[in-house]
Amino acid sequence: MNRYLSGGAGYTGRRNLGGPALSVLFFPAALLYHELLLRLFDRDVPFFELALLRIVLFSAAAGLALALILDLLPWRRAARIAGGAVLGLAAVLFCVERGCRAMFGLYYGVGFMGAMAGDVVGDFGSTVGRVIVNLIPFILLSFVPLAAYLFLRTGVIPQQSHDSPVRIIMAAVLVACQLTAFLLSTLGGVKNYYTYEFTPNTAVPHFGLTTALRLELEYAVAGTPAPPLGEFLDDPDPTPTPDGSAQPSQQPSGEPSQPPKEYGFNTLDIDFEGLAETEENENVKSIHQYLASLTPSQQNEYTGMFEGKNLILITAEGFATPAIDRELTPTLYKLSREGFVFHNFYQPDWTQSTVGGEFAVMTGVIPNWFGKRTAMSMSVERTMSQTLGWKFREEGYSVPAWHDHTYDYYGRDRTHPNMGYDYAGVGGGLELPHNVWPNSDLEMMQATVDGYINDYVENGQPFHAYYMTVSGHGYYNWGGNAMSRKHREEVEAKYPDLSETSQAYLACNMELDQALKYLVDKLEEAGIADDTLIVMTGDHYPYLMVMEDGTDYYNELRGFEDKEGDTSRYRSTLLMWSGAIEEPIDVDVPCTSVDIVPTLCNLFALPYDSRLYSGRDVFATNYEPDQYSNCMPLAVFANNKGQGNSWITAAGTYEASTKTFTPNEGVEVDEDYVKRVHRLVAAKVNYAKLIIQEDYYAKIQAPEE
């Protein structure tokens with residue numbers, strides 16, 4: 001008699017339903033079910049595309065591997081318990097990832113989620129509950145495989161193991177599926193997402209969550225594969241001449257700070273080519289060669305405009321252009337229209353929430369992932385000598401930094417001192433009169449400004465102060481945001497027809513506006529507004545205005561439609577204001593947050609090498625708008641949907657979602673322009689990663705001034 005029908009102790013005909021086919025196919029089908037369910041609920045990912053075939057093959061291979069492992073266990077009861085545990089864990093992981101996608105628009109690795117779980121629950125406790133409620137249909141569907149397994153477990157894992165021929169067939173199919181999926185993943189256009197540019201967020205849409213988790217573990221143990229660095233190296237631009245090149249049309253206007261002269265270049269005495277010749281580490285050698293191939297940015301009429309003066313740099317939580325309102329946020333309105341006025345500034349989504357945007361603002365380097373770690377986290381163990389904190393400290397400035405939330409959130413108690421700052425936050429050196437969520441930016445300014453202003457006025461001690469704000473943090477509603485409640489009445493009076501989400505966003509940014517007003521008033525009262533430059537931008541656009549059900553209140557507030565991944569979504573405002581600027585100076589070149597540090601180094605005449613940053617000085621003019629150059633303006637957008645990097649140059653815009661380049665009106669480019677910019681973007685992203693990974697700043701020796 002067939003042993004699948006005769007069974008053993010405790011067997012019933014109902015539970016043996018399906019015979020050997022059920023035992024072989026159940027786990028592949030269960031994993032594929034989870035993958036298809038996740039994909040079906042993700043409105044940002046097309047369901048039917050080549051990725052679906054890769055996911056089917058990888059799921060089949062993983063399911064067969066699980067079935068074989070359980071079949072090899074001699075203890076059948078233990079095997080059944082293990083099978084149920086795996087399916088239960090899979091259901092939980094898929095639900096958690098769906099929740100991350102719903103809340104943050106991203107898929108995260110297990111390591112990062114584990115590290116941040118406590119902080120997320122603490123800050124988003126009420127929101128997590130609402131997300132879970134909205135995900136109930138997905139959660140219920142996710143546990144269908146487990147329920148089916150509990151009903152059929154003695155048929156899925158029968159009392160007798162498979163014969164050798166069945167196991168051999170299972171192993172052969174497993175290998176065939178895995179090999180085919182591997183070849184489809186590594187020989188096509190998604191090779192980089194499977195290897196050297198792997199992140200869970202880009203891997204899940206292309207290969208599925210099961211494979212993304214496997215790759216995360218594999219690369220955590222063996223290291224991420226090295227990128228093909230040689231393919232990124234470009235032919236060097238022609239050697240720049242002291243008098244520079246033709247001036248492009250998209251440049252700052254207004255009165256220059258100094259008379260025209262022959263300009264040099266923003267470089268240090270670093271012999272990259274010589275360093276490359278003696279370097280044994282291939283990655284470091286490649287960085288030397290890459291930097292040697294770059295054209296440095298040229299000094300210009302704005303070089304040294306603020307030399308010896310003070311700097312206040314602010315990364316504002318959730319700040320974006322819609323927060324600027326003439327009546328509700330008059331200081332934001334004033335600062336955005338005076339001083340330097342940026343018409344083409346972007347804060348990309350670096351797929352790392354606040355910490356990615358803050359890292360870009362503070363370092364001028366594109367934020368990458370390092371396994372489960374962000375670039376900011378990784379920087380703690382690296383030499384960060386090119387940050388503004390260290391550069392101003394070396395010039396004799398005081399360099400205080402503050403955050404009006406928990407002082408060690410995101411490890412700022414370690415990252416910011418490592419970037420040269422004397423840092424304090426709530427619970428660690430910063431005391432505020434009220435402990436609410438989120439805390440008041442105004443109260444942070446009131447607690448900190450007098451110290452460095454008085455030190456400058458009384459002792460002549462110049463300062464560079466850094467702030468990371470929190471009042472603009474989501475979620476945006478009256479119940480969960482104390483700063484929104486504080487200003488609710490004013491917003492509802494002016495915009496009674498807006499949604500609560502949009503009203504609450506405007507309301508909490510009124511607290512940021514009052515903080516800036518307090519700061520400006522204090523500078524003016526002390527008579528040092530002309531001696532101080534205030535610079536501020538957001539860490540990311542307020543993505544928490546996009547609800548779990550897809551309702552996009554960010555579009556409501558702006559009055560036009562776009563979606564995650566479109567470059568227009570990340571267009572923002574960079575404030576750069578000083579009382580010394582009598583007339584607005586328009587800046588039209590495309591730029592992003594990684595351009596802030598090199599631009600400030602140029603304005604303050606700090607010793608720096610422009611080639612050491614991902615960004616560039618926005619005032620440099622040694623390029624032609626319609627011609628490729630590795631020192632031209634270039635806004636790079638993170639590959640946050642697995643579609644590639646979008647970018648904007650002075651010549652036009654490339655949208656990765658549609659694979660199209662749209663030149664600016666009246667601009668014509670060479671036929672290889674797009675291909676060359678793609679290569680430059682890949683180089684900037686990958687070398688930014690290597691600079692942190694290899695602790696590159698520790699390996700260069702800048703001359704002492």
Identify the two heavy atoms, one from Pro598 and one from Gly364, that lie closest to each other, and give their separation to 0.1 Å. CD-CA, 4.5 Å

Is there side-chain contact between Met384 and Ile692, with at least one heavy-atom pair below 4.5 Å? yes

Would you check, one step at a time, whether the test side-chain contact (heavy atoms from CB on, under 4.5 Å) holds for Leu690 with Tyr696? CA-CA 8 Å; Leu690 280 182; Tyr696 183 75; over 6 Å; no

Set of side chain to side chain contact (heavy atoms under 4.5 Å, CB included) partners for Leu533, sequence neighbours left out: Phe306, Leu311, Val535, Met576, Ser578, Leu600, Leu603, Phe604

Those residues that, when tested against His540, pass side chain to side chain contact (heavy atoms under 4.5 Å, CB included) (two or more places apart): Glu317, Ser353, Thr354, Tyr543

Distance in Å, Cys591 SG paired with Phe619 CZ, rounded so as to fall on 0.5 Å steps: 8.5 Å

Heavy atoms, side chains only, cut-off 4.5 Å: are Thr199 and Tyr193 in contact? no

Between Phe207 and Val190, does a side-chain contact (heavy atoms from CB on, under 4.5 Å) hold up when you go through it step by step? CA-CA 10 Å; Phe207 318 113; Val190 296; 3.9 Å; yes

Residue set satisfying side-chain hydrogen bond (donor to acceptor under 3.5 Å, both in side chains) with Arg39, at least two apart, ordered chain then number -> Glu49

Taking only residues two or more places apart in sequence, or in another chain, which ones meet Lys391 in a side chain to side chain contact (heavy atoms under 4.5 Å, CB included)? Gln386, Cys601, Leu606, Tyr608, Tyr613

Spacing of Leu523 atom CG and Asp531 atom CG [to the nearest 0.5 Å]: 9.5 Å

Can you tell me how far the CG atom of Asn602 sits from the CD atom of Glu307, to the nearest 0.5 Å? 11.0 Å

Going by the salt bridge (Lys or Arg N to Asp or Glu O under 4.0 Å) test, which pairs reach into residues 498-516, not counting sequence neighbours? Lys486-Glu511

Is there any side chain to side chain donor-acceptor pair (under 3.5 Å) pair reaching into residues 680-690, and which pairs are they, with sequence neighbours excluded? Glu197-Asn686, Ser286-Tyr687

Asn509 side chain vs Phe319 backbone, donor-acceptor pair below 3.5 Å: no

Minimum heavy-atom separation for Ile648 to Pro590, with atom names? CG2-CB, 3.8 Å

Is a side-chain donor or acceptor of Ser484 paired with a backbone partner of Ala507 at a separation under 3.5 angstrom? no

Assess the residue pair Asp42 and Tyr107 against the criterion (side-chain contact (heavy atoms from CB on, under 4.5 Å)); give the C-alpha distance rounded to whole Å, side-chain angles, the decisive distance to 0.1 Å, and a yes or no. CA-CA 11 Å; Asp42 191 337; Tyr107 294 112; 2.6 Å; yes

Only one of Ile596, Leu512, Thr573 passes side-chain contact (heavy atoms from CB on, under 4.5 Å) with Met536; say which it is. Leu512

Pairing donors with acceptors under 3.5 angstrom, does anything connect the side chains of Thr387 and Thr363? no

Name all pairs fulfilling the ring-ring contact (aromatic ring centres under 6.0 Å, His included) condition that reach into residues 554-593, sequence neighbours left out, sorted by first residue then second. Tyr541-Tyr554, Tyr541-Tyr570

Quick check: does any side chain N or O of Asn622 sit under 3.5 Å from a backbone N or O of Ser297, one acting as donor and the other as acceptor? no

Counting only heavy atoms not in Lys309 (residues, nucleotides, ligands), do more than 12 fall under 6.0 Å from its NZ? yes

Does the side chain of Met419 reach to within under 4.5 Å of the side chain of Tyr466, using non-hydrogen atoms? no

Taking the side chain from Arg616 and the backbone from Ala620, do they hold a donor-acceptor pair closer than 3.5 Å? yes

Heavy-atom distance under 4.5 Å between the side chains of Met468 and Glu358, does that happen here? yes

Under 3.5 Å, is there a donor-acceptor pair linking the side chains of Thr649 and Tyr673? yes

Could you check whether any side-chain N or O of Asp626 sits under 3.5 Å from a backbone N or O of Val667, counting only pairs where one atom can act as donor and the other as acceptor? no

I'd like to check the side-chain hydrogen bond (donor to acceptor under 3.5 Å, both in side chains) partners of Thr351; sequence neighbours left out, ordered by chain and number. Trp369

Report yes or no: do Tyr346 and Asn344 form a side-chain donor-acceptor pair below 3.5 Å? yes

Run the salt-bridge test on Lys675 and Asp672 with the 4.0 Å N-O cut-off and return the result as yes or no. no

Does Lys494 have any side-chain hydrogen bond (donor to acceptor under 3.5 Å, both in side chains) partners at least two apart in sequence or in another chain, and if so, which? Asp325, Glu327

Heavy-atom side-chain proximity of Val677 to Leu634 below 4.5 angstrom: yes

Short question: side chain of Lys659, backbone of Gln643 - any donor-acceptor pair under 3.5 Å? yes

Could you tell me whether a side-chain N or O of Asp566 sits under 3.5 Å from a main-chain N or O of Ser568, the two making a donor and an acceptor? no

Would you kindly say whether Gln347 and Ser572 are connected by a side-chain donor-acceptor distance under 3.5 Å? no

According to side-chain hydrogen bond (donor to acceptor under 3.5 Å, both in side chains), who are the partners of Thr658, at least two apart in sequence or on a separate chain? Thr660

Please check: side-chain N/O of Thr532 versus main-chain N/O of Ala529, any donor-acceptor pairing under 3.5 Å? no

What is the distance from atom CH2 of Trp350 to atom OG1 of Thr592, rounded to the nearest 0.5 Å? 5.0 Å

State whether a side-chain donor-acceptor pair under 3.5 Å links Asn266 with Ser610. no

Would you please name every residue forming a salt bridge (Lys or Arg N to Asp or Glu O under 4.0 Å) with Asp562, sequence neighbours left out? Arg558, Arg569

Modelled atom types, side-chain donor and acceptor of His464 and Asn310, under 3.5 Å: no

For the residue pair Arg101 and Asn201, confirm or rule out a side-chain donor-acceptor distance under 3.5 Å. yes

Given side chains that start at C-beta, do those of Val520 and Ile534 come closer than 4.5 Å, heavy atoms only? yes

Whether Ser646 side chain and Ala656 backbone form a donor-acceptor pair below 3.5 Å: yes

In Å and rounded to the nearest 0.5 Å, what is the CZ to CG distance from Phe359 to Asp539? 15.0 Å

Test of ring centre spacing under 6.0 Å for Trp647 and Phe661: yes

Under the side-chain contact (heavy atoms from CB on, under 4.5 Å) criterion, do Leu498 and Val491 qualify, and how do the steps go? CA-CA 9 Å; Leu498 279 181; Val491 176; 5.7 Å; no

Which residues share a side chain to side chain contact (heavy atoms under 4.5 Å, CB included) with Ser499, sequence neighbours left out: Thr501, Ser502, Tyr553, Glu556

Can you confirm whether Arg54 sits close enough to Leu50 that some side-chain heavy atom of one is under 4.5 Å from a side-chain heavy atom of the other? yes

Are the side chain of Arg676 and the backbone of Tyr628 linked by a donor-acceptor contact shorter than 3.5 Å? no

Do Pro607 and Leu268 have side chains that get closer than 4.5 Å, going by heavy atoms? yes

